[in-house]
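Only heavy atoms go into these numbers, but all of them, side chains included; no hydrogens, no water, no symmetry mates.
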Amino acid sequence: TSTIAGTLGVSGGNLSLAGQTVTAGIFSVSGSSTLSLAAGGLTTTGGQSFVGTGTLSISGGTHLLNALRTGEGSGTQSTVNLSAGTLTIRGTTNVAAGGDARPASFFLQHWPVNTNFNISVGTLNSPAAMMYLSHDGTASGTQTGGTVNLFGLGFNTNTGTAATYSLNGGRLNIGAEASRPRRREH
């Protein structure tokens with residue numbers, strides 16, 4: 001078991017955590033880097049964890065994040081792959097229709113370019129926060145297997161960019177907030 005008081009940051013390289021339990025305030029991935037999580041678990045205790053230009057790859061274990069945001073920074077291309085294990089977003093911050101999604105607990109692609117979120121096996125849970133797809137960039141969720149349990153699913157086309165969720169296998173359970181488009185006026 002390891003505890004990091006501040007940020008677990010990966011920039012310009014790759015970090016694999018397998019069979020370890022790590023607690024950190026938040027994590028960040030940038031600089032075309034990869035954070036790979038396997039058996040064991042990563043738990044965040046602070047605010048929002050970020051994936052900028054880089055990849056978060058989860059292939060096992062149980063991971064508990066207070067919040068997850070991708071596409072942080074102009075020109076970022078982010079990828080999140082869940083191929084086994086469990087990822088749970090514990091945050092509860094949601095945004096009313098027409099509101100600013102920046103403080104949201106589960107937000108894919110803030111800035112222009114794109115995020116791909118791929119689920120093939122495993123479980124994704126976000127029991128109290130909607131999964132928001134796209135603000136100024138393009139975001140796609142592709143599910144080919146596994147189980148996804150969401151409080152809601154929001155499609156934000158702030159600047160006319162695309163946001164999609166493709167269900168090609170597995171099970172998608174959407175809770176109280178259901179699915180809705182959301183536009184924010186500047």
* Asked: Taking a hydrophobic cluster as the set of Ile, Leu, Val, Met, Phe, Trp and Tyr residues connected by side-chain heavy atoms closer than 4.5 Å, whether directly or through intermediates, do Ile26 and Val29 fall within one such cluster?
  -> no

* To do: For Ser140 and Asn116, test the side chains for any donor-to-acceptor distance below 3.5 angstrom and give the result as yes or no.
  => yes

* How about Tyr165 and Phe155: do any of their side-chain heavy atoms sit closer than 4.5 Å? -> yes

* Thr138 and Gln109: side chain to side chain contact (heavy atoms under 4.5 Å, CB included), yes or no, with the steps? -> CA-CA 7 Å; Thr138 300; Gln109 199 54 39; 5.8 Å; no

* To do: Report yes if the side chains of His63 and Ile58 come closer than 4.5 Å at any heavy-atom pair, otherwise no.
  => yes

* Do any N or O atoms from the side chain of Arg69 and from the backbone of Gly52 form a donor-acceptor pair under 3.5 angstrom? -> no

* Between Leu17 and Leu64, is there a shared hydrophobic cluster once you connect ILVMFWY residues whose side-chain heavy atoms come closer than 4.5 Å? -> no

* Asked: Would you say the side chain of Asn118 lies within less than 4.5 Å of the side chain of Thr79, judging by non-hydrogen atoms?
  -> yes

* Asked: Going by distance alone, is a donor N or O of one side chain under 3.5 Å from an acceptor N or O of the other, for Ser78 and Thr70?
  -> no

* To do: Tell me, with the steps shown, if Phe27 and Leu56 meet side chain to side chain contact (heavy atoms under 4.5 Å, CB included).
  => CA-CA 10 Å; Phe27 74 82; Leu56 173 62; 3.9 Å; yes

* Asked: Hey, any chance Phe50 and Leu65 share a hydrophobic cluster, counting ILVMFWY side chains that come within less than 4.5 Å of each other, even indirectly?
  -> no

* Distance-only, no hydrogens or angles: does the Gln143 side chain make a donor-acceptor pair with backbone N or O of Arg171 under 3.5 Å? -> yes

* Tyr132 vs Asn94 side-chain heavy atoms within contact, under 4.5 Å -> yes

Report, one line per pair, each donor and acceptor closer than 3.5 Å where one atom sits in a side chain of residues 119-129; sequence neighbours left out.
unit_1 : atom_1 : unit_2 : atom_2 : d
Asn125 : OD1    : Asn149 : ND2    : 2.8
Asn125 : ND2    : Thr88  : OG1    : 3.3
Ser126 : OG     : Ala129 : O      : 2.6

